[in-house]
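In what follows, a structure is listed as structure tokens, so that the remarks can point back to it.
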Amino acid sequence: MCGIIAYAGEKNPLEVLINGLERLEYRGYDSAGISVLKEDDIYTVKAAGKVSSLAQRIDDDSQLADTSQLHCGIAHTRWATHGGPTENNAHPHLGQNSRIALVHNGIIENYQELKNDLLAQGHVFKSETDTEILAHLIEAHYEKDLKKAVSEALAKVEGAYGIAVISKDEPDTIITARFGSPIVIGLCKDEVIIASDINAIVQHTDRVVYLNDGDLAIVNKSGISFHDLSLKSVQRNEEKITHTAEEAQKGGYSTFMMKEIHDQPRAVRNSVRGHLDFENATTSLGGLHMNPKELASIDRIQLFACGTSLNAALLGQYFFEDLVGIPCQVTQAADFRYRNPIIEKNTLAIALSQSGETADTLAAVHEAKRKGADLIAICNAVGSTIAREAGRGVYLHAGPEISVASTKAFTTQVSVLLQLAVLLGRTKRLDRSHAADILEAIDKLPEQIEEVLKLSDSIRTITEKYTDVHSMFFIGRGYQYPVALEGALKVKEISYIHAEGYHAAELKHGPLALLDEKVPVVAICTNKDSSQKIVSNIRECSSRKSPVIAVVSEGIETPADDSIVIPQAHPTTAPVLAAVALQLFSFHIADLRGCPIDQPKNLAKSVTVE
Ligand code: F6R
């Protein structure tokens with residue numbers, strides 16, 4: 001959730017670090033800080049608020065005017081866990097005698113116990129963070145050997161961390177280590193960049209090494225060496241990253257969210273590329289590494305995920321049950337981890353995660369593996385922890401998703417789940433002609449999304465009526481139910497309007513009590529077969545005076561006050577079009593309310609803590 005960057009090389013580290021922080025700001029944006037080694041001392045600057053405030057402070061700092069002696073530094077943009085978003089709590093944190101500085105992403109779970117020991121030894125703390133405890137602990141172990149001090153301190157730590165540490169006594173060395181929070185090292189000629197994700201590295205190099213849990217790397221003038229936490233050497237391989245720096249830019253849009261909404265035709269096309277086998281009316285997903293016999297032997301599916309990915313998984317449940325005809329369970333990843341799930345023989349467990357770093361989903365991956373499940377991952381971030389731990393699966397190929405509110409990950413996840421359902425379905429009950437219809441529908445999806453994007457202005461006009469409301473409901477039935485959940489999630493996270501997604505049939509089991517003229521209802525109706533039932537639900541809402549906005553496929557008539565009419569599509573792909581319309585709906589309502597769309601309050605991208 002926080003962003004980490006560290007640099008060792010001949011360039012001005014301040015520039016590299018600030019530029020990196022700007023690219024990582026979507027991971028946390030409540031405060032930021034930087035430490036550089038200057039004349040054998042550690043010089044630290046911090047600021048509450050955005051990275052731009054930190055950059056201003058650095059510009060104004062006369063002591064940092066001469067950068068010729070600066071070669072090494074660490075920096076951080078924070079999403080608060082322990083302690084408020086203040087300058088004091090901002091990273092880097094220093095040891096008791098300011099000999100070492102540390103940036104950290106994660107949570108030290110036994111920090112109180114460690115803090116009590118350090119307090120007893122006379123340590124004084126300046127912040128409320130768990131990270132400062134780790135900085136003190138490392139310094140307490142420091143005897144002219146930073147790697148040894150880090151290794152000994154980490155042996156006492158319980159929790160999750162991705163860290164970068166410098167010491168004023170070893171001015172050209174950075175130690176980095178990870179357990180549960182990602183660290184990637186970018187390799188360039190004569191310089192090294194360490195970061196919590198590749199978006200801060202991609203403009204410098206395409207050569208990277210991902211640290212595994214329990215790895216510690218020593219970066220200094222003589223190069224990089226990789227070790228386990230007890231400092232035994234380990235071998236880590238260099239990988240090539242394929243996405244470009246431009247993909248992680250706004251590309252002329254005012255926000256990443258709007259840019260990524262518009263990325264979707266291309267993203268969905270990429271998620272499909274090379275997979276549709278029209279001749280055999282099936283799909284081919286090579287990353288699964290499963291032969292037809294293994295595919296045919298799957299009797300049950302268990303999906304787990306969080307947030308938007310969970311909503312996509314719920315749609316996957318409909319696909320697997322309808323098209324493959326096997327039971328499918330969807331479990332929120334934290335619940336999967338803690339409730340002792342039953343994994344039966346021939347179950348395929350599927351972890352769904354855009355970032356591939358979500359702590360609860362990662363823990364669920366471990367649980368599924370422990371229980372002996374056959375596991376695959378559906379991830380967007382190439383080389384992410386979940387993708388690597390699963391070892392097989394399907395990448396979304398949506399390109400980097402920077403917007404905190406997930407958009408193109410949802411649509412590409414649904415595309416991949418549908419492709420997987422066709423593949424499994426063709427080993428079981430899905431007949432050739434039904435499968436061929438779905439392949440055609442998937443193939444048409446990018447063009448149809450383009451049609452929905454053209455509705456942006458008219459959707460904005462509709463939202464103008466609803467910018468002052470305090471609460472909204474989103475309702476759908478069957479395939480539209482997960483879309484209702486996703487629409488409500490988008491609205492609440494970026495516009496701060498309370499929004500609830502409900503199965504339309506559940507309205508009369510309680511929520512109707514909340515409806516009145518100030519509570520609009522968004523009804524999703526893309527299926528002709530169930531449209532009469534949704535029409536009845538719309539009438540129920542209207543008779544309680546709620547304004548109703550219907551998202552309907554062409555040809556479906558409803559008595560709603562406003563309608564967003566999307567192209568007619570196959571029942572399995574229509575939910576994707578409705579989801580895109582609702583992304584635009586939530587974007588415009590948030591924009592008209594003046595909300596900071598790319599940096600919604602209290603949120604950050606990639607939830608790497610429990
Ligand atoms: C909502 C959103 C979050 C994520 C959730 C899971 O717009 O972005 O709900 O979907 O944190 O993240 P991933 O998919 O990276 O595991």
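Just the heavy atoms: all of them, side chains too, but no hydrogens, waters or symmetry mates, feed the values below.
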- Item | Candidate pair E25 and T77, rule side-chain hydrogen bond (donor to acceptor under 3.5 Å, both in side chains), full reasoning | CA-CA 6 Å; E25 202 168 14; T77 177; 5.1 Å; no
- Query: Run the side-chain hydrogen bond (donor to acceptor under 3.5 Å, both in side chains) check on N537 and E540 step by step: do they pass?
  - Reply: CA-CA 5 Å; N537 297 128; E540 283 159 13; 3.3 Å; yes
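At least one side-chain heavy atom of I556 sits less than 4.5 Å from a side-chain heavy atom of K528. Counting heavy atoms from C-beta on, the side chains of L315 and T572 never come closer than 4.5 Å. By the 4.5 Å heavy-atom criterion applied to side chains, V607 and C306 are not counted as neighbours. By the 4.5 Å heavy-atom criterion applied to side chains, V580 and Q264 are counted as neighbours. Between L352 and L417, some side-chain heavy-atom pair lies under the 4.5 Å cut-off. With a 4.5 Å cut-off on side-chain heavy atoms, T283 and L276 count as touching. No side-chain heavy atom of L514 sits less than 4.5 Å from a side-chain heavy atom of V519.
Atom NZ of K408 and atom CD of Q354 lie 8.5 Å apart (nearest 0.5 Å). For the atom pair CG of D443 and OG1 of T573, the computed distance is 11.0 Å after rounding to the nearest 0.5 Å. With rounding to the nearest 0.5 Å, the separation of CG in L507 from CG in L512 is 5.0 Å. The structure places CG of L453 at 4.5 Å from NE2 of H262, a figure rounded to the nearest 0.5 Å.
Heavy-atom minimum distance, P85 versus D30: CB-CB, 3.4 Å. Listed here is the closest heavy atom pair of A578 and T526: CB-CG2, 4.1 Å. Taking all atoms of both residues into account, the shortest heavy-atom contact from V330 to A313 is CG2-O, 3.5 Å. Closest approach of G316 and L303 over heavy atoms only: C-CD1, 4.4 Å. The minimum heavy-atom distance linking A581 with I459 is given by the pair O-CD1, 3.8 Å. Summarising the geometry of E401 relative to E260, their closest heavy-atom pair is CG-OE1, 3.2 Å, with the distance given to 0.1 Å.
Note on residues 393-423: no pairs pass ring pair (Phe, Tyr, Trp, His ring centres under 6.0 Å), not counting sequence neighbours. Sorted by first and then second residue, the pairs that involve residues 301-337 and meet ring pair (Phe, Tyr, Trp, His ring centres under 6.0 Å), not counting sequence neighbours, are F304-F336, Y318-Y479, F319-Y479. Residue pairs satisfying the ring pair (Phe, Tyr, Trp, His ring centres under 6.0 Å) criterion with at least one member in residues 433-458, sequence neighbours excluded, are absent.
For the pair E447 and K444, the salt-bridge criterion is not met [side-chain N within less than 4.0 Å of a carboxylate O]. For the pair K465 and D561, the salt-bridge criterion is not met [side-chain N within less than 4.0 Å of a carboxylate O]. Look at D457 and R460 and you find no salt bridge, because none of the NZ, NE, NH1 or NH2 atoms lies under 4.0 Å from a carboxylate O. Using a cutoff of 4.0 Å between basic side-chain nitrogens and carboxylate oxygens, E486 and K490 are scored as salt-bridged.
Side chains of T461 and H588: no donor on one and acceptor on the other come within 3.5 Å. A donor-acceptor pair shorter than 3.5 Å cannot be found between the side chains of K259 and S403. Looking at E357 and T385, their side chains do bring a donor and an acceptor atom within 3.5 Å of each other. Side chains of S471 and H498: a donor on one and an acceptor on the other come within 3.5 Å.
F585 and Y466 have tilted rings, their planes meeting at an angle from 30° to 60° on a 0 to 90° scale.
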